[in-house]
Amino acid sequence: MPTDTKRVRGPEASQSPSLFLCKPAAVLPSRGPRADGRQRDQVDVRPVFVRCGLVSQAKGSAYIEAGNTKLMCCVYGPRETERKDETDMKCGRLTTDIRFAPFSCPERGSWIQGSQDKDLSLMLHESLQPAVCLHKYPRSQVEVNVMVLENSGSVLAHAVTCASLALADAGIEMYDLVLGCSIHQDGASYVVDPSYAEENSCGSVSGENQGGLTVAFLPSLNQISGLQSDGEMAEETLTAGVRTCIEGCYKLYPVIQQALSRAVRRAAPPPSES
Amino acid sequence: MATVKVSEAEKVYILHGIRDDLRVDGRGCEDYRHVEIETDVVSNTDGSAKVTLGDTAVLVGIKADIGKPRPMVPNEGYLEFFVDCSANATPEFEGRGGEELGTELSNTLYKVFNNKHSVDLKSLCISAGEHCWVLYVDVLLLQCDGNLYDAISVAIKAALFNTKIPKVHISADEEGAKEIELSDDPYDCMRLDVENVPCIVTLCKVGHRHVVDVTLQEKACSVASLIISVTHTGTVTCTRKLGGGSLDPESIFEMTEAGKRVGKALHAPLMKLLRQEESLGKTRQKVGFLG
């Protein structure tokens, strides 16, 4: 295993103090209201705060906050492909990258990209690719970099929303905005836009229907560009979950549109002096 | 992924055929190619299986090691997956070319088995908090002709069925340190219950219809596909949309329903075949790699 010589790391055998808790973390009840006051079994997404154009050096950027989940995304491009042998004459390339800051999750992560980061980057790429008009940028590449500053649940869904907002802010031509929404199914009830504790709860009843589902959706075109689920669910639950996520995306759409139009108005050139 | 270049005329031909439920090799839209499964092919492993699905060949070897359980679940063992796309399959996989595909396949396998019921992890525990069995599932792609997920999941199920984990005996030493003893009898082993191990079904959207078990030519004509992993009871453990195109919500519902139907129907014949092969015992003809 290659050692990381660039960074000062903690001792090899260090463990998170949460393993030594006297009493185990309370299992979240699968009935009754959620910890942050939202409702179960209803499309109750966390209120989002979005801003575009935060990073001055990037072509386009966006920052999203949903509850305690904080993400920022920067878009660079279209620019010349770095690796000449992979230049595509007919359409551009989209590269995506999600990174978690080491302090973002309750357990300290590492700076080196793990397989989970690579997996999320791949899913982000699959979700964004149908929406971007890559055929308008032949021989070029568009880079999307998402940095997760704090992970408090449904990271992939918010990363998709943030990335498509940053792409729009960069002026990359797209067919539609891509919005993400996720749910966590716990027995017979589901929670939309789960927090970190809700996402990782093992569930009090170890029966059927335990799992998470993330959907990336293009609202104007009514197309699903990304779908990912794990855990175990019946097929009807899965179908109902997808419908719920689509509803969640529709709820988010006006907020994102408003943030984007505000950013465009702010960036409109001032009237000339002379 | 290994790709073939397909001309526009050929794409139109394939699309029109699938529209009429007729594929290039004469199958229907929900038919699999000829599958051959053989278990116990590699003697150094605790369980192995080789699956040939049309021209796709996959070899899975499972080795059981004694390790330390994960801190949050001290009374369970775990599985580690690794998929290696060897350069034998296609020259695109030479060096690090196959690494991306290998990581994607491994990550999907982790998701498929990320639930309580697929494999009974508690049976892999030796002593809580100290020792447990770790099953290293290593998948090797020998030949690649489309539909890797299905072949890999069938091979993993067959290999897990074939796995023989030696029985261990814990004895306390004089100082109180625990000693692990492996039983001397090589046939004294524990078998895994693979009833709930899911199988992955890949459905590709070609034109307006979805197709099961695509070849590389058909894959070049599709923009998006959906993989769905189904257990024998019809429970879905993992779904994932692959590819650079988008899907209609209605297509997704149709595809999950078809995937569940096809996946559920896959388990019974597979288990029957595995049990039959096992029952042959010493009279079994070993086909090996050249058969």
Side-chain angles (χ1 to χ4, degrees), chain A residues 15-16 18-20 24-25 91 94 107 115-116 118-120 122-123 125-132 134 175-176 178 200 202-203 206-218 221-243 245-246, chain B residues 70-74 81-82 99-118 129 196 198 223-231 233-261 263-264:
Chain A
Q15 289 173 313
S16 162
S18 57
L19 293 169
F20 298 95
C91 72
L94 180 70
E107 276 94 38
S115 60
Q116 197 211 14
K118 288 207 183 88
D119 199 30
L120 288 174
L122 190 62
M123 287 194 273
H125 184 264
E126 280 166 1
S127 308
L128 291 174
Q129 206 176 355
V132 181
L134 286 169
Y175 292 112
D176 193 5
V178 190
N200 295 342
C202 302
S206 74
E208 289 269 300
N209 289 343
Q210 269 281 322
L213 168 70
T214 306
V215 171
F217 187 63
L218 285 81
L221 300 172
N222 194 34
Q223 295 273 306
I224 290 184
S225 65
L227 174 70
Q228 190 252 155
S229 89
D230 66 350
E232 23 176 23
M233 292 190 267
E235 188 242 330
E236 295 81 22
T237 325
L238 188 68
T239 318
V242 173
R243 290 206 170 92
C245 285
I246 293 180
Chain B
R70 294 220 165 102
M72 301 306 277
V73 273
F81 295 95
F82 181 69
E99 207 180 294
E100 240 184 68
L101 177 62
T103 340
E104 189 190 321
L105 289 163
S106 323
N107 286 331
T108 313
L109 288 173
Y110 275 113
K111 281 212 192 63
V112 167
F113 283 86
N114 182 24
N115 57 69
K116 293 202 186 75
H117 298 124
S118 293
N196 281 324
V223 288
S225 42
L226 187 74
I227 56 167
I228 172 166
S229 100
V230 190
T231 61
T233 52
T235 317
V236 173
T237 65
C238 170
T239 59
R240 188 148 156 192
K241 175 235 158 212
L242 300 168
S246 62
L247 293 166
D248 219 54
E250 291 307 318
S251 318
I252 294 217
F253 299 147
E254 257 173 44
M255 281 156 87
T256 28
E257 206 236 295
K260 175 188 157 187
R261 198 174 1 117
K264 219 169 146 176

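What you see is a predicted model; the values in this text were computed from it and never measured. Convention: sequence-line order gives letters A, B, ...; per-chain numbering from 1.
By number of non-hydrogen pairs under 4.5 angstrom with chain A, the leading residue of Thr237(B), Thr239(B), Leu247(B) is Thr239(B). In terms of heavy-atom pairs under 4.5 angstrom with chain B, the leader among Arg243(A), Lys118(A), Glu235(A) is Glu235(A). For the set Gln223(A), Met123(A), Gln129(A), the entry with the most heavy-atom pairs within less than 4.5 Å of chain B is Gln223(A). In terms of heavy-atom pairs under 4.5 Å with chain A, the best-connected choice from Gly245(B), Cys238(B), Pro249(B) is Pro249(B).
Minimum interatomic distance between Gly259(B) and Ile228(B) (heavy atoms only, all atoms of both residues): CA-CG2, 3.9 Å. Minimum interatomic distance between Lys264(B) and Val230(B) (heavy atoms only, all atoms of both residues): N-CG1, 4.1 Å.
Within the 4.5 angstrom heavy-atom criterion, only side-chain atoms of Ile252(B), from C-beta onward, approach chain A. For Leu238(A), the part lying near chain B is the side chain, with the backbone staying farther off; criterion is any non-hydrogen pair under 4.5 Å. Lys260(B) touches chain A through its side chain: at least one heavy atom from C-beta onward sits under 4.5 Å away, while N, CA, C and O do not. Looking at Ile246(A), the atoms closer than 4.5 Å to chain B (heavy atoms on both sides) all sit in the side chain, from C-beta outward. Residue Leu242(B) touches chain A through both its backbone and its side chain, counting heavy-atom pairs closer than 4.5 Å.
The ring pair (Phe, Tyr, Trp, His ring centres under 6.0 Å) search around Tyr110(B) returns Phe81(B), not counting sequence neighbours.
Between the side chain of Lys241(B) and the main chain of Ser225(A), a donor-acceptor pair closer than 3.5 Å is present.
Taking CG from Asn196(B) and NZ from Lys116(B), the interatomic distance works out to 13.5 Å, rounded to the nearest 0.5 Å.
Looking at Lys111(B) and Asp119(A), their side chains come closer than 4.5 Å, going by heavy atoms from C-beta outward.
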**OP:** Using the side chain to side chain contact (heavy atoms under 4.5 Å, CB included) rule, take Leu122(A) and Arg240(B) through it: C-alpha gap first, then chi angles, then the decisive distance, then the call.
**Re:** CA-CA 11 Å; Leu122(A) 190 62; Arg240(B) 188 148 156 192; 3.5 Å; yes
